[in-house]
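All ligand and atom numbering here is 1-based and tracks the order in the structure.
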Amino acid sequence: MEPLDRSTIWPYEGGEPGAFYYQRYAHPTGVAAERALGELEGGSALLFPSGSGAITSLVLALLEPGQTIAHAEGAYYGTALLFEELSRWGIRHVEFDQTGPPPDGADLIWLEAPSNPFLTMPDFEAAAAAPGRVVVDSTAATPVYLRPLERGADFAVHSATKYLGGHSDVLIGAVVARAVEDAERLRNFRGRTGIVAAPDPCWLLLRSLKTLPVRMERITANAETLVQKLQAHPAVEVVRYPGFGGLLSFDVADPHKVETSLRAIKNATSLGGTESVLESRARWEGDRVPAGLLRLSVGLEDPDELWADLEQALS
Ligand SMILES: *Cc1c(COP(=O)(O)O)cnc(C)c1O
């Protein structure tokens, strides 16, 4: 395993700064983790203190006041709240149905693949054909199932807190740029604003990336099993699943009853960890989602035990 170097400073070499001299600009653990993620995505990766920090940095580095983000409707609620916050600086945002073409006049097209919690997939070709720059938040897909830069995106974004970190023990975010110039622009912005991931979270990410494909394989197999059984259950109204990964949602008449009846599956927020978690999203998103919608992030447990727990909670 690569060493964890917590130094904030490194001596100059022969009176000149070397590759590392002050942690805010670059540190060896971060560079190692960025290289590993960049290889998985086929681009230049940069790490930030959270997914939201990555999104904030990307938007502020790319856009000017008066410009517009066209944002996939039904995508991660936190991103909509973040764009609302940035509107005070004159950055506008409009929502659109990402399964079709983006609206005219968008300077930045923000897709989510698959969207959280509706699990829709974007029309990549329509977005790439539009004049605006294209960002894909592929947190729920991971590079195991989707490489957005090969589908016409300029940037892939991750809440690496989720599947990439994978153990519910690290808050971290990433932007992966297709163009080296875009990565340089963002790297300069990051160094100046200080919105940068520290060595410890980068080290945990690096550790986790080593098991990403095998975790995603097991998580997908578990999710497929549960989706089939949920679809056949009389108490379940609709099941949303894109066909890969561990995120799914389904609707029931009494979501609170299911949340509080679970024993093995944790009633908690977030997604992408080794342990399955489920929650009602109306708690956070109000009438933006169906009142009975439950979001389930499937973990690495025994699928028979997961289904036994869901079945007793549904009954
Ligand atoms: C969690 C999440 C984010 C925000 O990431 P944080 O690491 O919590 O800041 C962004 N996009 C998606 C799709 C997410 O699930």
Between [X] and ligand 1, does any nitrogen or oxygen pair lie at a separation below 3.5 Å?
X	result
Ser52	yes
Glu112	no
Gly51	yes
Ser159	yes

Do [X] and [Y] pair up side chain to side chain, a donor and an acceptor below 3.5 Å, judged on atom types alone?
X	Y	result
Glu311	His233	no
Thr120	Ser115	yes
Ser57	Arg190	no

Report task. Would you mind running through ligand 1 and noting each atom that sits below 4.0 Å from a heavy atom of Thr161? Result -> 7 (O)
Report task. State the atoms of ligand 1, each with its element, that fall below the 4.0 Å cut-off from a heavy-atom position in Asn116. Result -> 15 (O)
Requested in this report: Quick one: look up the protein heavy atom nearest atom 2 (C) of ligand 1 and list residue, atom name and how far away it is.
Outcome: Lys162 NZ, 2.5 Å
Query raised in the report: What protein heavy atom sits nearest atom 4 (C) of ligand 1, and how far away is it?
Result: Tyr76 CE2, 3.5 Å
Query raised in the report: Any Lys/Arg nitrogen of Asp200 or Arg6 sitting under 4.0 Å from an Asp/Glu carboxylate oxygen of the other?
Result: yes
Report task. Establish, for the pair Lys229 and Tyr241, whether the NZ or CZ atom is under 6.0 angstrom from the six-membered ring centre and no further than 45 degrees off its axis. Result -> no
Report task. Tell me which one of Thr269, Asp137, Leu247 gets a heavy atom nearest to atom 11 (N) of ligand 1. Result -> Asp137
Query raised in the report: What distance do Glu73 atom CD and Phe118 atom CZ have between them, rounded to the nearest 0.5 Å?
Result: 9.0 Å
Query raised in the report: Hey, would you say the Phe83 and His71 ring centroids sit under 6.0 Å apart?
Result: yes
